[in-house]
Amino acid sequence: MNYDFAAIEKKWQDNWEKTKPYRAVTGDPRPKFYGLIEFPYPSAQGLHVGHPRPFTAIDIVTRKKRMEGYNVLFPIGYDAFGLPTENYAIKNHIHPAIVTRDNIANFTRQLKMLGYGFDWDRCVNTSDPEYYKWTQWIFLQLFKHDMAYKATMAVNWCTSCKVVLANEEVVNGVCERCGGEVVQKEKSQWMLRITKYAQRLIDDLDDLDYIERVKVQQKNWIGRSTGADITFKTNMGEDVTVYTTRADTLFGTTYMVISPEHPLLKKWLPQIPNRAEVEAYQAEAARKSDFERGELNKDKTGVRLEGVEVINPVTHKPLPMFVSDYVLMGYGTGIVMGVPGHDQRDWEFATKFGLPIIEVVAGGDVTKEAFVAKDDSAVMVNSGFLNGMTVREAIPAMKKYVVEQGFGKEKVNYKLRDWVFSRQRYWGEPIPLVNCQKCGWVPIPEDQLPLVLPEVEAYEPTDDGESPLARMTDWVNTTCPCCGGPAKRETDTMPNWAGSSWYFLRYMDPDNDKELVSREAEEYWGPVDWYNGGMEHTTLHLLYSRFWHKFLYDIGVVHTKEPYAKRTSHGMILGENPYYVGNAKTEAEKEELVRLHGSLALRPSVKMSKSLGNVVNPDDVVKEFGADTLRLYIMFIGDFEKTATWSTNAVRGCKKFLDRCWNLMELAADSDEISAKNESIIHKTIKKVTGDIDELKMNTAIAALMALVNAFYANGLTKGDLSMLMLMLSPFAPHMVEEMWELTGFAAKKGKMAMQMAWPAYDEAKTIDANVEMAVQVNGKLKGTINVPVDSDEQTVMEAVKAVEKVHKAMDGMAIVKTILVKNKLINLIVKPAK
RNA sequence: GCCGGUGUGGUGGAAUGGUAGACACAGGAGACUUAAAAUCUCCCGGUAGUAAUACCGUACCGGUUCGAGUCCGGUCACCGGCACCA
C-alpha cells in the first residue's frame, strides 16, 4: 500500500504552523547553531527546482542539529529589490511593491509546501522600509567614515538596462543580467572603498572553513601583487611613475606607455607637436567598450608622443613615450615601462612600432617572442650590477637599489576596484543624502530614517541615464538638514547587493526598531555557523557582505571579524537536453540534430529554460510525488557540489523507497527492543548517516538508509528497529516520518514528535562484526575470499586460505616469498616459481 | 594564456592506497493476479565459453608500491572562474 502523501503533508504542515517547533530562542542556554541559506529573489516564475537543493541540505543539517540538542536558528527571507521585478512592473503596469508582495506570497506557499524548518517569525524582506531603514543607516555610517564617496569616472554602462554596473556585474564584457552591451560612460557615482579592506579580505580567509575553491576565487579576484613603483625623469617638467612586478627588468626597458585616459596626458597635450593625432587616438579608445578593447588585443595600437623623452634611471638613456589602450588607467599608475624582451604584450607593441628589444634574462630567444621564465632561476644579462644574478635575487636587489637611489619604492597592488554603488533605477533603497550648494553632501539625520521610496508615475529609466526619481521634483527639492537652505536629494538608488550584505544580522533580531541588531542577539547568534550558497556569488554577494561585516566590526556593531564561519556551495540542477544526439536512434537523426542545433546537440544536459521545454516545476513534482520524495530525490541526485541533471525516472525510485519504509509498519513485530538480527546494521547505519550529514554527503547517507530498509525486508524487524530508521529518516522526509511515528504509537509513548527526539547514538563496539570477509590475493590478484573472526592473526588467516581452491591453483609450483596481511581487509601472498 | 575542478557500467553515482561498480534508475526473468498496475524474488561492466572458468576493464601514456580509480610525472577532453592587471 502506498501512503497518502498529500493528506499527510498537509496535516503536518498545519501542525507545525500552529506549534512552531522551529522557533529559535535568543539567549537559550543550549549551544546555538546558526544555519543559513541564501535568501531567494522572489521572481515571478516562482521557485526553481534548483532552489530545493541547498535549502533541503541545510534543512537536514539543522534538523539533525536540533535533535542533537542545539538551539537552532534557520531563518528565511526575501531579497526583494531588483531589476527583474522593476522590468516586470514596467511591462505590466503594476507597482513593483505589489509585484513583490504577490511573488513573496507564492514563494512562501512553495517553501512551506516543501516542509522546511524555517523560523517564519523571523522572515525579512529587504524592500520593507522597516528593513531598508537599516540598510540606509549602514550606508550613512560608511559615508560618515569616509568609506563612501562620489566620483566622476568611466563606469560600466549597460545600454539595455540603462544602468551602471559594478565590475563584478560585467561578465564577458556584457551585462550579467540581460546580456546587453556594456560600454564605458563618464558618470558621477557613489563608490564604496572596498579596496581599503583588500588585504584583510585576503588575510582573514585563512581562519575560515570555506571550501577551497571559494577562497581561491576570492583571492584571485582581489588579485594582490607585489612590486615596485619606479619614477622616471622626463623633459616635460614632471616625472612619471610606473608600477612593475619585474623591477629586475629595468635595464631592458626601451620605451614607455601611458593610458589614453591618463590626466597627465591632457596636461601635456598643448606641448605635444602631434597633438591632433593623439587626441584622435584618445577619442577612438573612449568609443570602444572594454569588451572590444579585450577582443582586439592581438593587434596593438598606439601613437608616439612626439617630443616627449623619458630617462631610464639605470641606463640614463632617453626613451620614447607612447599612448596606447593596452594600458589600463584603473590599475597601477596608468603608465607602464615597456620591456619587450620579457613581456609578450610589450613584445608585440615593440615589434609593431620597430622599437629595440633587449634581452636582460638569459634563456629564450627574444627576437622570436618575449621570454617569460617559468621559474625564477634564470640568469640576468645586459643589466649592469644585476648581471649573473638569478631573477629571484635580482628582483629584491633592484628594489633595494631604487629605494636607496631615491627613485622608487616597494608597492603592493590589487586588481580589486572600489565598488560602484549607485544605480539609476527605481526599485532600490534610496540613498539618504542631500546635496546642498553651501554644505555639499549632507546625510539625512538618522532619526528621519527610513527615507521612504516615493510613489512615482513611471518607473522607466531615462535615456540620459538619470534615475526615475529625478523626475519627482517635489521629492528631489528639499531643505538642507545642516543649514536649512535649498538642497536636492540624491536620486540614484542602491544596488540589489546592499540589502543582502547584512541580512543575516537582521534575522538575529528582526523586530528591533532601535538598532539593526541588539548587542545581545548578535553576541549570542553570531557568527553564522554554516552558510551555503551558489558559486556565482563568490565575488559578488559573499565578498560584499564580508566587506560590510568588517566595516561593522570596525565601528563596533558586531563582535566578529567575519560573518560566516563556514561556507559550502552546491552544484546547479540541469535539465535533460531534448536535442541530445545520444537520444537519436539512427545516424540520419543524429546528423539532423547536429545540423539544427550545433554544439547544443552534443550535451546530454543543459540549463533548464522555457525555450527547451525542460523546466521542472516543484509544484508539479510535489503534486505527483509529494514533498518528502522531492526532498529525498534532490539529495540523492549526486555529489552535492557537482552539477546534476534532473531525472523524473529517478524521482520515482525515491518515492518507491518511501513507500517501502511506510510498508514496514505492517511487518514490524510489536516490540520496542532492537532485534539481535538488525542490531549491527542499525549501529553501522547510524554511524554512516551521522557522519555523512555533517559532510553534506546526503546521497550516501540515503544509500545507507536504503540498505537498512533492504535488510529489514530480508531479516524482519521490530518496532524498535523501525524507530531507529524513523529518527534517521526524519530530517530527510519529515512529514511521512511524523505520521509513522504517530501510527506506531511512539508519539503517544514519548510525548514528542520524532523531530524532537534525540538523534540516535551508535555504539562503536556494535558496529564491528564478529566475523569479517577478507580478500585473498596471490601476487596482488584476487583469488577468493575467506570468512574469519575479526582481528585474526596471520596463522588463523593462512589456515583459512587453505580452503580457497583458486589459491592452490595459483600456487602450483610456486613458493611463498612474502605475505602481506592487512587486518580484516586482505592477505596478499607474494610467490615465485619454486626451484 | 593564467587559476581551480572533473573524467568510473546503458544512466545517476559508491569506494581512509587494500575484494572496483555500494545504493538507485533503466533493462531482463520469475512469483502473485482473470488481467494490468502495484508489490515481492532473482539476474544485470566487456570478450570467449553451455558452464566451471579465463582474460580485459576506472580518459590516455609512463612511474612509485606487495597492491593504484585513489599517490607522482606527462598527454588529451570537458566544466567553472579570471583575462592587455604591467
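First the proteins, then the strands, lettered A, B, ... as listed; each starts at 1.
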Report task. Give A:V216 one of three labels, base, sugar-phosphate or nothing, depending on what nucleic acid heavy atoms sit under 4.0 Å from its own. Result -> sugar-phosphate

Query - Nearest-nucleotide pick for A:A703, side chain only, options being B:A22, B:U16, B:C40 - result: B:A22

Report task. Sticking with atom P, work out how far B:U11 lies from B:G27, rounded to a whole angstrom. Result -> 15 Å

Report summary line: Side-chain contact check for A:K809: nearest option of B:U53, B:C40, B:G4 is B:U53

Report summary line: Of the candidates B:G4, B:G67, B:U41, the side chain of A:N828 sits closest to B:G67

I'd like a list of close polar pairs between nucleotides 10-14 of chain B and the protein, N/O only, cut-off under 3.5 Å.
| residue | atom | partner | partner atom | Å |
| --- | --- | --- | --- | --- |
| B:G12 | O2' | A:I637 | O | 2.8 |
| B:G13 | O3' | A:N699 | ND2 | 3.4 |
| B:A14 | OP1 | A:N699 | ND2 | 3.0 |

Query raised in the report: Please give, in whole Å, the distance from B:C25 C1' to A:R652 CZ?
Result: 11 Å

Requested in this report: May I ask you to evaluate whether A:K781 reaches the phosphate of B:C56, defined as a side-chain N or O under 4.0 Å from OP1 or OP2?
Outcome: yes

Requested in this report: Could you measure between the two C1' atoms, the one in B:G9 and the one in B:C56, and give it in whole Å?
Outcome: 14 Å

Query raised in the report: Which nucleotide sits closest to the side chain of A:E773: B:U19, B:C56, B:C82?
Result: B:U19

Query raised in the report: Using atom P of each nucleotide, how far apart are B:C76 and B:G10 to the nearest Å?
Result: 26 Å

Query raised in the report: For the side chain of A:K806, counting heavy atoms from C-beta on, which of B:U53, B:A86, B:G18 is nearest?
Result: B:U53

Query - salt_bridge(A:R567, A:E641) N-O dist < 4.0 Å - result: no

Query raised in the report: What nucleic acid atoms does A:D346 come within less than 4.0 Å of, heavy atoms only: base, sugar-phosphate, or nothing?
Result: nothing

Query raised in the report: Out of B:A26, B:U19, B:C23, which has the shortest distance to the side chain of A:N649?
Result: B:A26

Query raised in the report: Is any side-chain heavy atom of A:V709 less than 4.5 Å from a side-chain heavy atom of A:L664?
Result: yes

Query raised in the report: Considering only the P atoms, how many Å lie between B:A22 and B:G74, rounded to the nearest integer?
Result: 34 Å

**Report entry** B:A86 phosphate, OP1 or OP2, under 4.0 Å from A:Y331 side-chain N/O
**Finding:** yes

**Report entry** RNA chain B: 5'-proximal contact among A:R660 and A:I830 (nearest heavy atom)
**Finding:** A:R660

Query raised in the report: Of all the nucleotides listed (B:A86, B:U19, B:C23), which has the minimum atom distance to the side chain of A:T785?
Result: B:U19

Query raised in the report: With no hydrogens and no angle check, do the side chains of A:E576 and A:S605 hold a donor and an acceptor under 3.5 Å apart?
Result: no

Report task. Remember a base hit wins even if backbone is also touched, and classify A:T538 as base, sugar-phosphate or nothing at under 4.0 Å, heavy atoms. Result -> nothing

Report summary line: Any stem touching RNA chain B, meaning at least three consecutive Watson-Crick or G-U pairs under 3.5 Å, ordered by first number, would be B:1-7 with B:76-82, B:10-12 with B:23-25, B:27-31 with B:39-43, B:45-48 with B:53-56, B:59-63 with B:71-75

Report task. Measure from the side-chain heavy atoms of A:Y326 and tell me the nearest of B:C84, B:U53, B:C3. Result -> B:C84

Query - Distance-only polar pair, side chains of A:T301 and A:Y281, donor-acceptor under 3.5 Å - result: yes

**Report entry** Pair A:N312-A:Y255, side-chain donor/acceptor within less than 3.5 Å
**Finding:** no

Query raised in the report: Using a distance-only test with no angle check, is there a side-chain donor-acceptor pair under 3.5 angstrom linking A:D418 and A:T195?
Result: yes

Query raised in the report: Got a salt bridge between A:D299 and A:K352, using NZ or NE/NH1/NH2 to carboxylate O under 4.0 Å?
Result: yes

Query raised in the report: So, does the side chain of A:K300 form a donor-acceptor pair with the base of B:C84 at under 3.5 Å?
Result: yes

Query - B:C25 OP1/OP2 closer than 4.0 Å to side-chain N/O of A:K656 - result: yes

Report summary line: Residue set satisfying side chain to side chain donor-acceptor pair (under 3.5 Å) with A:S647, at least two apart, ordered chain then number -> none

Query raised in the report: Expressed as a whole number of Å, how far does the C1' atom of B:A54 sit from that of B:C42?
Result: 26 Å

Report task. Please work out whether B:G9 sits syn or anti, treating a glycosidic angle within 90° of 0 as syn. Result -> syn

Query raised in the report: Between A:T648 and A:Y633, is any side-chain donor less than 3.5 angstrom from a side-chain acceptor?
Result: no

Report summary line: Regarding the side chain of A:W221, the nearest nucleotide among B:C23, B:C82, B:U19 is B:C82

Query raised in the report: Which is true for A:G653 with a 4.0 Å heavy-atom rule: it touches a base, it touches only sugar-phosphate, or it touches nothing?
Result: sugar-phosphate

Query raised in the report: Which nucleotide in the list B:C25, B:U19, B:U53 gets nearest to the side chain of A:Q777?
Result: B:U19

Query raised in the report: Going by atom types alone, do A:T241 and A:T231 pair a side-chain donor with an acceptor below 3.5 Å?
Result: yes

Query - Distance flag, aromatic centroids of A:F232 and A:F407, threshold under 6.0 Å - result: no

